[in-house]
Amino acid sequence: MALYSEKVMDHFMHPRNVGTIEDASGVGEVGNAKCGDIMKIYLKIENDIIEDVKFETFGCGSAIASSSMATEMIMGKSIHEALELTNKAVAEALDGLPAHKMHCSVLAEEAIKNALKDYFDKNNIPYDKSRFKEIDHDELHEQVHGDD
């Protein structure tokens, strides 16, 4: 069996929604110092609907594919629907990720949530802070990879 699914390879080789959005409604950035992946998500929101979404990712193929798929999954959705996106849904939409690459889908979920949080903060929109818990990426990396 191949290490990566055809969907992962497609989103890595032909990523969707790459770039930036000038005057973005919300921007979220996350990174993992141990694996070196850094993701930045830009949202353009009109009437609580994500009208446009772009990403910049510095990282491995799984990180790029996760970013690409996650942006596809929230495009045109309401901010409330986007907030429900999980890393498991991203991984499933990619027809799976190797266990040691699941942290890439976690980064994609967190980057989107951080961009939504930025939007809420900029617009003084109240939200449930428990929906935005910080993920310790070094600890997650340790759990998956052990002591490199």
Side-chain angles (χ1 to χ4, degrees), residues 1-22 24-45 48-121 127-148:
M1 183 180 141
L3 184 60
Y4 297 107
S5 72
E6 286 182 30
K7 281 189 183 177
V8 170
M9 292 306 297
D10 181 42
H11 277 268
F12 167 62
M13 299 297 289
H14 310 283
R16 285 71 153 172
N17 307 310
V18 174
T20 63
I21 297 175
E22 292 296 319
S25 306
V27 179
E29 185 172 4
V30 294
N32 182 329
K34 289 215 175 186
C35 71
D37 295 329
I38 300 169
M39 291 182 188
K40 196 168 190 177
I41 300 282
Y42 301 84
L43 301 175
K44 185 67 171 176
I45 299 168
D48 289 345
I49 301 296
I50 297 171
E51 296 289 329
D52 196 10
V53 57
K54 301 281 187 214
F55 78 91
E56 295 177 303
T57 293
F58 178 84
C60 67
S62 294
I64 292 166
S66 292
S67 300
S68 176
M69 179 58 81
T71 60
E72 287 283 283
M73 293 174 77
I74 65 167
M75 181 78 78
K77 303 284 188 193
S78 75
I79 56 176
H80 306 291
E81 290 172 305
L83 195 54
E84 298 299 319
L85 183 73
T86 66
N87 73 295
K88 289 181 179 142
V90 172
E92 286 172 10
L94 288 168
D95 292 337
L97 287 170
H100 67 284
K101 293 294 183 177
M102 281 299 288
H103 69 276
C104 295
S105 63
V106 172
L107 286 170
E109 174 190 345
E110 189 177 22
I112 287 169
K113 286 186 176 175
N114 285 351
L116 288 166
K117 182 180 181 300
D118 183 48
Y119 169 72
F120 294 150
D121 288 343
Y127 58 86
D128 179 359
K129 291 182 180 17
S130 71
R131 302 289 305 264
F132 299 93
K133 58 185 178 282
E134 288 289 317
I135 295 171
D136 184 336
H137 292 280
D138 289 337
E139 183 180 306
L140 180 64
H141 188 271
E142 262 323 289
Q143 290 172 0
V144 174
H145 296 283
D147 192 16
D148 288 340

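A quick note: this is a predicted structure, and the numbers were derived from the prediction, not measured.
Contact between Gly76 and Ile49 at its shortest, heavy atoms only, is O-CG2, 3.6 Å. Closest approach of Gly59 to Asp37, counting heavy atoms only: CA-OD1, 3.1 Å. The shortest non-hydrogen separation linking Phe12 to Gly61 is CD1-CA, 3.3 Å. Here the shortest heavy-atom pairing between Gly19 and Lys54 reads O-CB, 3.2 Å. Contact record, Ser66 with Ala108: O-CB, 3.8 Å, taken as the closest heavy-atom pair.
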Without placing hydrogens or testing angles, list every side-chain donor-acceptor pair under 3.5 Å for residues 85-96, not counting sequence neighbours.
{"unit_1": "Thr86", "atom_1": "OG1", "unit_2": "Ala89", "atom_2": "N", "d": "3.0"}
{"unit_1": "Asn87", "atom_1": "ND2", "unit_2": "Ser105", "atom_2": "OG", "d": "3.4"}

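The only option from Thr71, Thr20, Asp52 that meets the side-chain contact (heavy atoms from CB on, under 4.5 Å) definition with Tyr42 turns out to be Thr20.
The side-chain heavy atoms of Thr57 and Met39, taken from C-beta on, include a pair separated by under 4.5 Å. Residues Glu84 and Lys77 fail the side-chain proximity criterion, which asks for heavy atoms closer than 4.5 Å. Annotation: side chain of Tyr127 is in contact with side chain of Asp121 (closest heavy-atom distance under 4.5 Å). Considering only heavy atoms from C-beta on, Lys113 comes within 4.5 Å of Leu83 through its side chain. A heavy-atom distance below 4.5 Å is found between the side chains of Glu72 and Asn17. In this structure the side chain of Phe58 never reaches within 4.5 angstrom of the side chain of Lys40, judged on heavy atoms. Put simply, the side chain of Phe55 reaches to within 4.5 Å of the side chain of Val18, judged on heavy atoms. Looking at heavy atoms from C-beta onward, Met75 lies out of side-chain contact with Met73 at the 4.5 angstrom threshold.
Residues that satisfy the side chain to side chain donor-acceptor pair (under 3.5 Å) test with Ser62, not counting sequence neighbours, are absent from this structure.
Glu51 contributes atom CD, which lies 9.5 Å from atom NZ of Lys44 (distance to the nearest 0.5 angstrom). Taking NZ of Lys7 as the start and CG of Leu97 as the end, the distance is 12.0 Å to the nearest 0.5 Å. Summarising the geometry, atom CG belonging to Leu3 is positioned 5.5 Å from atom NE2 belonging to His100; distances are rounded to the nearest 0.5 Å. Taking CG from Leu107 and OG from Ser67, the interatomic distance works out to 8.0 Å, rounded to the nearest 0.5 Å. In this structure, Ile41 CD1 and Ile74 CD1 are separated by 6.5 Å, a value rounded to the nearest 0.5 Å. Distance check, rounded to the nearest 0.5 Å: CD of Glu29 to CD of Glu110 gives 11.5 Å.
Checked by atom type and distance alone, the side chain of Asp118 pairs as donor or acceptor with a backbone atom of Val27 at under 3.5 Å.
At least one cation-pi condition fails for Lys117 and Tyr119: the charged atom is not both under 6.0 angstrom from the six-membered ring centre and inside a 45 degree cone around its axis.
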